[in-house]
There are 2 protein chains.
Amino acid sequence: MEKIIHGRPYKNTAKGPILVPCAPHGVLARLGDKWTILIMSILAMTPTTPLRFSEIKNGIPEISQRMLTVTLRNLQRDGLVLRHYFCEVPPRVEYELTLMGKTMLPALEGFTGWIRENWQAIERSRQAFDDSNGDL
Amino acid sequence: MEKIIHGRPYKNTAKGPILVPCAPHGVLARLGDKWTILIMSILAMTPTTPLRFSEIKNGIPEISQRMLTVTLRNLQRDGLVLRHYFCEVPPRVEYELTLMGKTMLPALEGFTGWIRENWQAIERSRQAFDDSNGDL
DNA sequence: CCGAATCCATAGGGATACTG
DNA sequence: CAGTATCCCTATGGATTCGG
């Protein structure tokens with residue numbers, strides 16, 4: 001009775017199809033937030049060597065220290081990123097993708113690839129829509 | 001000098017790799033918002049026949065009328081969804097994916113598929129992280 | 001039936017200053 | 001160096017009411 005459409009489970013009812021929530025929404029919301037994808041991409045660039053906090057920050061010039069900390073904490077909590085703290089002075093902290101984090105990369109790549117191919121068209125569409133006051 | 005990693009352009013500098021913003025972030029933020037993916041999935045279920053406003057609303061029981069309207073408007077503006085208004089009484093409005101909207105589905109599927117396979121692990125990881133007060 | 005308008009509560013996220 | 005803590009502004013989104 002339960003089928004899958006484009007990765008989502010649903011069921012057909014008399015009133016039409018209804019999507020069955022499969023709890024992935026919290027995950028997608030995380031990935032869609034302002035910094036997660038950027039951080040995942042940075043960490044994906046050096047699969048074998050962890051990166052220091054400051055190195056990540058360097059790779060994403062616009063990010064604030066606070067949001068980098070917060071987002072990394074969330075990714076660690078989700079099991080996508082591993083954090084290594086070295087008790088030295090000055091302190092050193094390194095981050096790397098977990099195994100699960102690495103399994104996400106192909107899917108991520110598929111998505112960002114589509115975006116790279118289509119964002120100009122999207123920008124144009126937005127422009128046209130705004131110019132026509134929405135009565136397209 | 002500019003390379004691509006997992007769908008994102010970057011360049012190597014003396015100070016390490018730096019991600020080049022390629023403007024897809026607005027798009028990703030849209031897809032990560034609370035309802036877009038659900039709506040896209042619903043529309044993907046009937047590729048040949050458009051859906052009425054109320055049918056979509058029916059398929060996503062928790063969504064408010066306001067957020068359905070707002071999200072559909074955004075998708076229309078992005079060129080991912082087509083809106084057909086029938087000037088009748090009572091009025092009827094139908095929505096369907098555009099061609100570009102349909103090209104997004106494989107990427108979407110890759111992503112939601114990964115999520116479906118991994119969200120339990122993510123939930124467990126979050127639980128463990130919270131239980132340990134973050135000193136994992 | 002579809003959606004615009006309004007009100008309001010909460011979450012996201014920037015700037016800055018402070019600490020081991 | 002790698003965070004915390006605080007303040008504050010804005011965006012998101014729910015509930016409700018009104019209109020064509």
Side-chain angles (χ1 to χ4, degrees), chain A residues 15-16 21 25-39 42-43 50-78 81-96 129 133-136, chain B residues 15-16 21 25-39 42-43 50-78 81-96 129 133-136:
Chain A
K15 294 212 162 205
H25 184 265
V27 180
L28 225 152
R30 160 82 15 89
L31 293 163
D33 75 14
K34 200 169 176 183
W35 302 110
T36 296
I37 297 297
L38 288 171
I39 294 176
I42 284 273
L43 290 173
L51 287 179
R52 299 190 56 163
F53 183 87
S54 48
E55 289 175 314
I56 302 174
K57 178 143 178 31
N58 235 298
I60 313 173
E62 326 86 51
I63 198 173
S64 68
Q65 196 179 34
R66 171 182 140 83
M67 288 319 295
L68 181 52
T69 308
V70 169
T71 311
L72 282 169
R73 211 50 100 246
N74 283 329
L75 286 172
Q76 185 193 0
R77 179 170 176 264
D78 287 353
V81 159
L82 225 48
R83 180 188 135 110
H84 309 281
Y85 179 83
F86 300 91
C87 199
E88 313 167 352
V89 269
R92 181 165 54 104
V93 185
E94 292 182 349
Y95 297 90
E96 63 179 331
F129 185 88
N133 290 316
D135 44 82
L136 268 178
Chain B
K15 294 212 163 204
H25 183 264
V27 180
L28 226 152
R30 161 80 16 87
L31 293 163
D33 75 13
K34 201 168 176 181
W35 303 110
T36 296
I37 298 298
L38 289 171
I39 294 176
I42 284 272
L43 291 173
L51 288 178
R52 300 190 55 163
F53 183 88
S54 47
E55 290 176 314
I56 302 174
K57 179 145 176 36
N58 235 298
I60 312 174
E62 327 86 50
I63 199 174
S64 69
Q65 196 179 33
R66 173 182 139 80
M67 288 319 294
L68 182 53
T69 307
V70 170
T71 310
L72 282 170
R73 211 49 99 249
N74 283 330
L75 286 172
Q76 185 194 359
R77 179 170 176 264
D78 286 353
V81 158
L82 225 49
R83 177 188 138 110
H84 309 283
Y85 179 83
F86 299 91
C87 199
E88 314 166 351
V89 270
R92 180 164 55 103
V93 186
E94 292 183 348
Y95 295 90
E96 63 179 328
F129 185 87
N133 289 319
D135 43 81
L136 269 178

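Proteins get letters first, then strands, A, B, ... in listed order; numbering begins at 1 in each.
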How would you list, by chain and number, every residue that makes a side chain to side chain donor-acceptor pair (under 3.5 Å) with Asp33(B), sequence neighbours excluded?
Thr36(B)
Closer than 4.0 Å, any side-chain N/O of Tyr95(A) to the OP1 or OP2 of dG3(D)?
yes
When the distance from CG of Leu51(B) to P of dC2(C) is rounded to whole Å, what number comes out?
11 Å
Given that Glu94(A) and Thr71(B) both sit by DNA chain D, which one's nearest nucleotide is further toward the 5' end?
Glu94(A)
Applied to residues 84-95 of chain A, the salt bridge (Lys or Arg N to Asp or Glu O under 4.0 Å) test, sequence neighbours excluded, yields Glu88(A)-Arg92(A), Arg92(A)-Glu94(A)
Any heavy-atom pair between the side chains of Tyr95(A) and Leu51(A) that's under 4.5 Å?
no
Whole angstrom value for the distance that separates C1' of dC2(C) from OH of Tyr85(B):
8 Å
Does OP1 or OP2 of dC2(C) have a side-chain N or O of Arg52(B) closer than 4.0 Å?
yes
Non-neighbouring partners of Arg30(A) that pass salt bridge (Lys or Arg N to Asp or Glu O under 4.0 Å), sequence neighbours left out
Asp78(A)
Rounded interatomic separation in angstrom, taking CZ from Arg73(A) and P from dG12(C):
17 Å
Please report the shortest heavy-atom distance between Arg83(B) and Gln76(B), naming the atom on each side.
CD-OE1, 3.7 Å
In whole angstrom, give the distance that lies between atom CD1 of Ile39(B) and atom C1' of dG13(D).
13 Å
Just jot down the side-chain contact (heavy atoms from CB on, under 4.5 Å) partners of Ser54(A), sequence neighbours excluded, or say none.
Arg52(A)
What is the bend of the helix from dC1(C)-dG20(D) to dG20(C)-dC1(D) when you compare the axis at one end with the axis at the other, using five pairs each and rounding to 10°?
40°
side-chain contact (heavy atoms from CB on, under 4.5 Å) with Leu82(B): which residues, sequence neighbours excluded?
His84(B), Glu96(B), Thr98(B)
Quick one: Arg83(B) CZ to dA4(C) C1', roughly how many Å, whole number?
12 Å
Can you tell me if Ser54(B) touches the phosphate of dC2(C), counting only side-chain N or O atoms and a distance under 4.0 Å to OP1 or OP2?
yes
Within a strict 4.5 Å, meaning less than it, do heavy atoms of the Ile63(A) and Leu38(A) side chains meet?
no
Tell me: CD1 of Ile56(A) to P of dC1(D), nearest whole Å?
15 Å
Using a 4.5 Å cut-off on heavy atoms from C-beta on, say whether the side chain of Arg73(B) contacts that of Leu75(B).
no
CZ of Phe86(A) versus C1' of dG3(D): gap in Å, rounded?
16 Å
Take the protein atom CZ of Phe53(A) and the nucleotide atom P of dG3(D), then report the distance between them rounded to whole Å.
5 Å
What does the B/S/- profile of nucleotides 14-20 of chain C look like, 5' to 3', with a 4.0 Å heavy-atom cutoff to protein?
BB----B
